Each structure stands twice: as C-alpha cells, then as structure tokens.
Amino acid sequence: MRTHKINRSILFYCLFAFLNQNLAAQCPNGLQPAPNLHLTEIQCSAANLDGSCFTMYAENTSDQCGTYFTPGCGNTVVSNANWFVFIATSDTITFQFLIGNCLNNDGVQMGLYDIIGNIYEADTCNTNDYPIERSVLVDQAFCFNPIMGATQWPNVPVTPGKQYALLVDGWGGDVCEVEINIIGAPVVSIPSPTDLIISSTGFQDPGIGELDTVCPGAMDVQIHTPKIPFASNYIWEFPDGTTAVSHDTNVLYSFPFSPGDTATFCVRGKNSCDTSSSFCKSVIIGDFVIQCNNSFTGYLNSSGTIVLNDQDILTSNLSCSYDSLHIDPPEINCNSVGNVPIQVTAYRSGYGTTCSAEVTIFDTLSPMIHCTNFLTFYLNQSGTLEITHDDILGFTTDNCTISYSMNQNTFTCADIGDHTMQIIATDPSGNSDTCSTIISIIENFAPIIHTQDITIDLDQNMGTASIVAEDLNFNTTDNCGLQSFSVDKTLFSCSDPDINYVIFSATDVNGNTSSAIATVTLNKPAKRSAWVSELASGNNNGLTKIHAFNNLQDALEAQGCIENVNLIRLVEGTYYPSNFGDSRISSFNMPDTIEIRGGFPLGSGSRDPELYISRLSGNLGNSLLKTDNAYHVVTIPSQSKLAILDGLEISGGVANTNDHSQGAGVLVEGVAKFKNVRIFDCASVGEGANIHVKGNKGNLTILGPSSINMLYAGPSLLYVDKNANLLILKNVDLSPN
C-alpha cells in the first residue's frame with residue numbers, strides 16, 4: 001500500500017467525484033458488487049453483469065471468507081474487494097472494463113475465479129459452504145500505472161452451468177469507478193429435472209439400492225437428482241409438506257412412514273433469476289410383517305435355560321428391519337421342556353407386529369450324583385429309622401430339578417448290620433445317574449429298666465434263700481428286644497442284713513446294657529424260745545422241756561438266724577461255760593439280743609426262781625480249787641443290744657490275772673438288764689469282783705429283788721467305769737460294798 005500526501009489525495013478525490021458523476025450518468029445497469037464473496041448474489045448468467053457500473057468500496061472492506069491468490073500485483077492482500085458471482089451459460093465470455101476516476105491514481109487489480117464447488121445465497125461466511133481454494137482463471141492488474149479507459153478479457157473459456165466469481169480490487173486501497181460490459185453470455189432458462197433417485201445406501205453411487213418401496217416407521221432416505229444445468233440451488237418438496245433448499249444435488253430426509261401410504265418427493269432447480277418446474281417421484285410404504293420359524297429345536301444349557309434370539313425364531317425373509325424384538329417367554333427353562341408356544345413381537349418406530357410359533361426344547365444333560373461312603377445310622381428309641389437321599393449323597397448336580405429313588409429308606413431292628421444302598425437321580429426329561437454305597441445300621445439304646453423291690457423268706461432249716469434276676473424285673477423294655485437279665489447277688493443267708501441293695505442289669509439283643517438298684521428284704525426265721533435242762537433226755541433241740549438242750553452254751557449258740565433263739569428257759573440245775581473245754585477263758589457270752597430266764601422245775605410246775613435254782617457257775621475243773629475257775633462267768637460283749645438275765649444265780653468267777661482282773665461274776669461291756677439275780681462267791685484282784693461295767697458302751701440296769709453282796713473277795717463287789725452307766729432300781733442288795 002502506498003502513502004500519499006494529503007494535498008494529492010484531495011486532488012484525486014475531486015477528480016474521482018467528477019468521473020463518478022459522468023459514469024453514473026451513463027450507467028445502463030444498476031447491479032452492484034458485494035464487499036464479501038459470501039454475501040454475493042449469484043447471477044443466473046454473466047449477461048446480468050452487462051452494463052453494470054459502480055464505485056469501488058472504500059479501503060479496509062476486505063473479504064473475510066477464505067484465502068486465494070490475489071490477482072495482478074503480486075502477494076498483496078485484497079483491500080477493498082468488489083465481488084460478482086454468476087453462472088456460465090456459454091463456452092466463452094468476453095469481459096470489457098471501463099475504469100476511471102481513481103481516488104489515489106494507484107490503479108486496480110482484477111481476477112476471474114473458478115470456484116471449486118458452488119456458492120449459494122447465504123448471509124454468513126461458512127467455510128463448509130465456501131471452499132477455501134479458488135483458482136484464478138484470468139487476472140489483470142494496473143499497478144502503480146492506473147489506466148483510465150477500457151480494457152478487455154477476450155473469449156475467456158468457461159463451463160456452462162458452473163459458478164464463477166469476478167473480483168475488482170483497488171490496489172493499495174485505491175477507489176475507482178468501474179463499468180463492466182459482457183459479450184457472448186446469453187441468458188437461458190433452467191431446464192426441469194429429469195429424474196429422482198431415492199436410495200438408502202448413500203450418495204457415493206446413486207442408483208445402488210434405489211427404493212421403490214419403504215418400510216413403515218421413521219426412516220432416513222437419501223434423494224439424488226442429476227445435475228440441473230444453470231441451477232445454483234435445488235428446492236426439495238417432501239411428503240409431509242415441508243421444503244428444503246440445498247446447493248447440492250443430494251438431500252437426506254427422515255420422516256415417519258405409515259403402512260399403506262405413498263410417499264412423494266419433488267425437486268426443482270433455482271438460481272437468482274429462474275426456477276424450473278418440479279420433477280416428482282413416489283415410493284410405496286409397505287407392510288411391516290415378521291414370520292416366525294416353527295421348525296426350531298433347542299437344548300437347555302448347563303443352567304437349565306435357553307434364551308431364544310431373533311436368528312432362532314424368525315425366518316430370514318423379513319419385509320422390513322425392526323428396532324427391537326420381544327420374545328415371550330424370553331427364557332425357557334426346565335419347566336417348559338417339549339413343545340413350547342412362542343409369541344414374538346417386533347417394533348419399528350412405534351409400529352408393532354406379532355407372529356407365533358411352537359418350538360421344540362430338549363434337555364439332554366444327565367444328573368451327576370455321588371454317594372458318601374462309610375456312613376453309620378442309628379435306630380431310634382422306637383427301634384426304627386428313616387433316611388432320605390440327602391443323608392447319603394455327597395453332592396448332586398443337574399441343570400434341572402431332580403427326583404430320587406432309593407432301594408430302601410426305612411429300617412427296623414431286623415435290619416441291623418451293613419446294607420448296600422443305591423440311589424437313582426432322574427430329571428424331568430428322564431436323564432438319570434446312579435450311585436451306590438454301603439451303610440451300617442446300629443442300635444445303641446440301652447434297655448429302659450423298671451425294677452421292683454422284693455421280700456424273700458430265709459429257709460427255716462438252712463437259713464438261706466436265692467433269687468433270680470427276673471424276680472426284680474418290672475416291665476423293663478427295649479426298642480429291639482431284651483436278651484437277658486442279671487443280678488449281682490442271688491444267694492442270701494442269715495448273715496446278710498435284713499435289707500439288701502442289689503444291682504439289676506438288663507442286656508438287649510444288640511449287647512446294650514443298663515443297670516438299676518433294687519432292694520431285697522429278708523424275712524428271717526421267727527424268734528423262738530429254747531429249753532435248757534442238764535438232765536433232758538430227748539433229742540436236745542430245745543423245742544420242749546423234754547427235748548431241751550443239755551448245755552446252756554448250745555442254746556446260746558442257737559441264738560443265730562436258723563434257730564433264732566431269743567429266749568432261753570433254764571431248768572433248775574448248775575451250768576458251766578464249757579464251750580472252750582475247761583479253759584479259764586470259758587464264759588457264757590451273751591448274743592446281741594437274748595433273755596435267759598431261770599427257775600423252771602425239772603418236772604411240772606410253775607416257774608419259781610427262789611424254789612428252783614438255776615445257777616451259772618465258773619467253778620471249772622477241781623471244785624475245791626479256785627485257781628482254775630473261769631475268769632468271767634458271764635460276758636456281755638460290746639455288740640450286745642440287750643442281754644436280759646432273770647432269775648439266776650451267778651458264782652465261782654475268779655479274775656486274778658493282769659488281763660482278767662475285774663468282773664469275775666459278770667463283765668458288762670454292752671447293754672444288759674438284771675432282774676432277780678444273785679451274784680456271789682466271786683473274787684478279783686481289781687475292782688468289781690461280782691460286776692464290772694466297762695467302757696463307754698457298758699450299760700447295766702438292775703431290778704430287784706437282786707443281790708450282789710455275798711461272799712466276795714476283792715476291793716469291791718461292783719465297779720462302774722467312768723464312762724459306763726449303771727441304773728439300780730429298788731430292792732437291790734449291794735451291801736456290803
């Protein structure tokens with residue numbers, strides 16, 4: 001851009017104004033250029049530019065759309081562009097330019113551009129609509145040497161129907177007056193379109209996939225028309241009554257088709273001065289129908305299901321595609337093996353259609369089961385057992401439900417032992433698997449014991465009795481039956497206590513045993529009395545006076561269980577404690593409970609102790625000597641519960657040693673009672689020549705009439721230990737003492 005002095009600018013401005021007035025007066029055509037290419041109105045022929053005259057736009061009105069080669073004056077930006085766009089209607093065009101009245105006298109630069117693509121009317125600069133690259137067909141420049149007058153581009157070759165752009169620019173921002181004249185560019189009419197191709201496959205190869213029938217519902221169709229000569233724009237008319245304008249020969253249209261309708265599409269060409277008539281074409285909107293496949297056969301998977309898809313259930317010859325598909329039931333499982341009715345519904349842009357079929361479904365997968373080995377089961381208290389397959393199976397798998405059968409599931413006492421078990425698992429389709437194992441049936445409940453306490457009588461002669469275990473049983477039970485009973489003691493005698501606790505046991509047929517305590521009470525022979533008479537000549541069993549024992553010791557020894565003597569009737573006479581021969585330790589030892597009554601006559605008559613003397617004498621051996629007499633005539637041992645002496649005389653005891661120094665007449669270590677007893681002629685080196693009540697168990701009661709004071713030798717007649725007891729009632733003679 002050149003810089004000029006202000007006085008020169010003023011001079012050229014005045015000259016420009018003068019020329020402008022002259023051109024304006026001569027201008028036959030008022031068509032004005034646009035300052036930007038994208039604002040240029042496309043002329044239907046270059047002839048529309050003929051005779052147009054204008055004053056160039058001022059500086060800084062450059063084109064903002066794209067870049068291109070500036071014509072003429074080298075790499076210089078366009079400062080004040082003036083654009084015309086037209087459609088060629090001939091093979092060549094001659095351009096004539098008349099330039100004058102330049103403001104700065106710098107000149108102009110001009111170019112004719114072959115636009116790659118077409119430009120249509122718009123009010124924004126969109127590079128998608130306006131190609132960046134523009135090819136200069138011809139250019140001319142008057143740089144630094146402006147021409148004032150006419151210049152010409154003769155016979156510029158062009159292509160009919162193509163768009164071209166003419167640029168006139170003031171070089172360096174110069175402003176001139178310009179008039180344009182055109183030769184060889186006739187004005188023509190736009191012919192009507194010749195065809196419409198309605199396609200769904202794209203515009204790259206129009207005609208491939210051309211439609212004459214479309215499916216109902218929303219669909220994108222592509223419409224193509226052959227190039228319409230001299231048309232810069234295309235006006236499209238759609239089935240819904242809407243229109244669209246494009247600068248291309250293709251258009252995309254989306255619309256909802258209804259079944260049974262006919263869709264009609266139209267197109268016509270247009271440029272700035274002409275519009276052609278329309279060409280229309282129709283397509284038929286077909287029915288949306290699907291066809292179900294009745295011959296499908298499927299198999300359940302390992303999960304026991306099968307999911308059908310469109311390839312399984314629909315035939316391939318569908319009239320239209322679908323957006324979504326609903327199969328009912330969507331999934332088939334073990335409950336639907338066999339012939340299964342299916343309903344399929346397809347949807348396309350809100351339209352639905354349905355078909356039905358019957359498919360065949362099989363389950364060919366067999367169950368798998370495994371039995372657990374070495375299992376043991378126990379009968380219950382009722383002697384029975386019921387098991388299920390779950391008790392035996394280790395694991396089981398199948399894609400469907402399984403039913404089980406067993407060769408035996410109930411057991412009783414008769415089934416104790418080992419059994420081979422077999423389980424068969426079968427699914428609803430008849431597929432099966434089998435497993436086997438050995439189980440053991442055991443009964444381990446011990447008998448439930450119920451005992452009864454019994455009382456038995458000891459034999460009167462032998463003093464014994466025996467029992468059997470069954471005597472103690474009282475409805476003992478067992479779930480599988482009893483084998484035997486036992487008791488730990490079966491034989492009883494007089495030596496046993498009156499009440500005996502025994503262990504009763506019961507064993508069942510399987511060896512289980514339980515025990516309980518029972519009591520056996522002994523009825524020992526009844527107490528009886530016995531006669532003792534030294535002169536009796538009978539069988540000496542003591543039952544009668546005639547058959548009396550001859551010795552008191554025999555009667556005392558018969559106090560036990562068999563004879564059970566607790567009362568001895570002693571006939572008059574003298575009796576010696578000779579159970580140990582003539583040994584001085586011989587003594588009348590009283591059993592634990594015994595009563596000796598003296599004073600019975602040899603013959604008939606009533607008892608009279610004063611008249612019929614029954615004497616217990618310790619005068620053993622030589623009657624004239626005392627040194628061989630018994631140490632103790634009568635001994636009441638500590639275990640004696642009660643020894644009663646009634647109507648007796650006791651004499652001749654001599655306790656004269658360290659071990660036997662007291663109680664020569666009676667040594668009382670247990671419980672005793674004396675009545676009408678006379679003790680005399682006894683001697684001891686210690687206290688108590690006649691009676692010694694000894695120890696903490698010694699207990700003596702003396703009832704009158706009794707005397708213990710006759711002919712004694714020793715410190716005292718009666719001596720009672722510190723812890724012993726003595727009770728003396730009236731009419732007892734203890735003097736001297």
Side-chain angles (χ1 to χ4, degrees), residues 23 27-57 61-73 76-100 107-121 125 130-131 133-142 147 150-171 174-187 230 232 271-273:
L23 288 175
C27 186
N29 187 348
L31 182 65
Q32 296 296 307
N36 295 298
L37 178 61
H38 70 280
L39 296 178
T40 304
E41 180 181 0
I42 301 174
Q43 303 301 312
C44 59
S45 174
N48 289 8
L49 278 63
D50 186 45
S52 60
C53 53
F54 59 91
T55 300
M56 297 167 59
Y57 291 102
T61 59
S62 62
D63 186 5
Q64 302 301 314
C65 261
T67 60
Y68 42 85
F69 295 106
T70 56
C73 293
T76 306
V77 297
V78 175
S79 297
N80 50 347
N82 297 263
W83 288 100
F84 293 97
V85 177
F86 62 89
I87 299 171
T89 57
S90 60
D91 295 332
T92 60
I93 305 175
T94 296
F95 295 86
Q96 290 182 344
F97 301 96
L98 180 62
I99 302 172
V108 296
Q109 53 186 3
M110 299 176 295
L112 180 65
Y113 293 86
D114 179 3
I115 298 175
I116 307 302
N118 289 321
I119 299 176
Y120 65 97
E121 292 93 339
C125 179
Y130 299 94
E133 182 181 355
R134 297 152 190 169
S135 175
V136 180
L137 289 181
V138 61
D139 64 344
Q140 188 174 15
F142 303 95
I147 185 172
T151 185
Q152 178 174 296
W153 296 341
N155 300 319
V156 176
V158 293
T159 301
K162 287 195 60 157
Q163 295 181 11
Y164 295 88
L166 175 64
L167 169 65
V168 179
D169 178 51
W171 189 76
D174 202 352
V175 177
C176 304
E177 291 183 354
V178 180
E179 179 179 336
I180 301 174
N181 296 302
I182 301 298
I183 301 172
V187 176
F230 314 116
S232 59
N271 57 30
S272 60
C273 55

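Residue indices begin at 1 and follow the sequence shown. Everything numeric here is computed off the predicted structure, so don't read it as measured data.
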I'd like to check [X] versus [Y] (side-chain heavy atoms, cut-off strictly below 4.5 Å). Are they in contact?
{"X": "D91", "Y": "P160", "answer": "yes"}
{"X": "N181", "Y": "L98", "answer": "no"}
{"X": "N82", "Y": "V178", "answer": "no"}

Quick check for you: to the nearest 0.5 Å, what is the distance between [X] atom [atom1] and [Y] atom [atom2]?
{"X": "Q96", "Y": "I183", "atom1": "CD", "atom2": "CD1", "value": "4.0 Å"}
{"X": "T159", "Y": "I87", "atom1": "OG1", "atom2": "CD1", "value": "13.0 Å"}
{"X": "L49", "Y": "E179", "atom1": "CG", "atom2": "CD", "value": "12.0 Å"}
{"X": "L166", "Y": "M110", "atom1": "CG", "atom2": "CE", "value": "8.0 Å"}
{"X": "F97", "Y": "T151", "atom1": "CZ", "atom2": "OG1", "value": "8.0 Å"}

- Task: State which residues pass side-chain hydrogen bond (donor to acceptor under 3.5 Å, both in side chains) with T89; sequence neighbours excluded, sorted by chain then number.
- Result: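 T89: side-chain hydrogen bond (donor to acceptor under 3.5 Å, both in side chains) contacts with S45.
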
- Aromatic ring pairing Y113/W83, orientation class (parallel under 30°, perpendicular over 60°, tilted between): tilted

- Ring geometry between F86 and F95 (parallel below 30°, tilted from 30 to 60°, perpendicular above 60°):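 Taking F86 first and then F95, their aromatic rings sit tilted (interplane angle of 30° to 60°).
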
Please name the pair of heavy atoms, one in [X] and one in [Y], separated by the smallest distance, quoted to 0.1 Å.
{"X": "Q32", "Y": "C53", "result": "NE2-O, 3.2 Å"}
{"X": "I182", "Y": "A46", "result": "CG1-O, 3.3 Å"}
{"X": "A88", "Y": "Y164", "result": "CB-CE1, 3.6 Å"}
{"X": "D174", "Y": "M56", "result": "O-CE, 3.7 Å"}
{"X": "S90", "Y": "V158", "result": "O-CG2, 3.1 Å"}
{"X": "A81", "Y": "D169", "result": "N-OD1, 3.6 Å"}

- Note on the structure: With sequence neighbours left out, the residues meeting ring pair (Phe, Tyr, Trp, His ring centres under 6.0 Å) with F84 are F54

- Applying side chain to side chain contact (heavy atoms under 4.5 Å, CB included), name anything that partners N155, two or more places apart in sequence or on another chain.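 Counting only residues at least two positions away or on another chain, N155 forms a side chain to side chain contact (heavy atoms under 4.5 Å, CB included) with T92, T94.
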
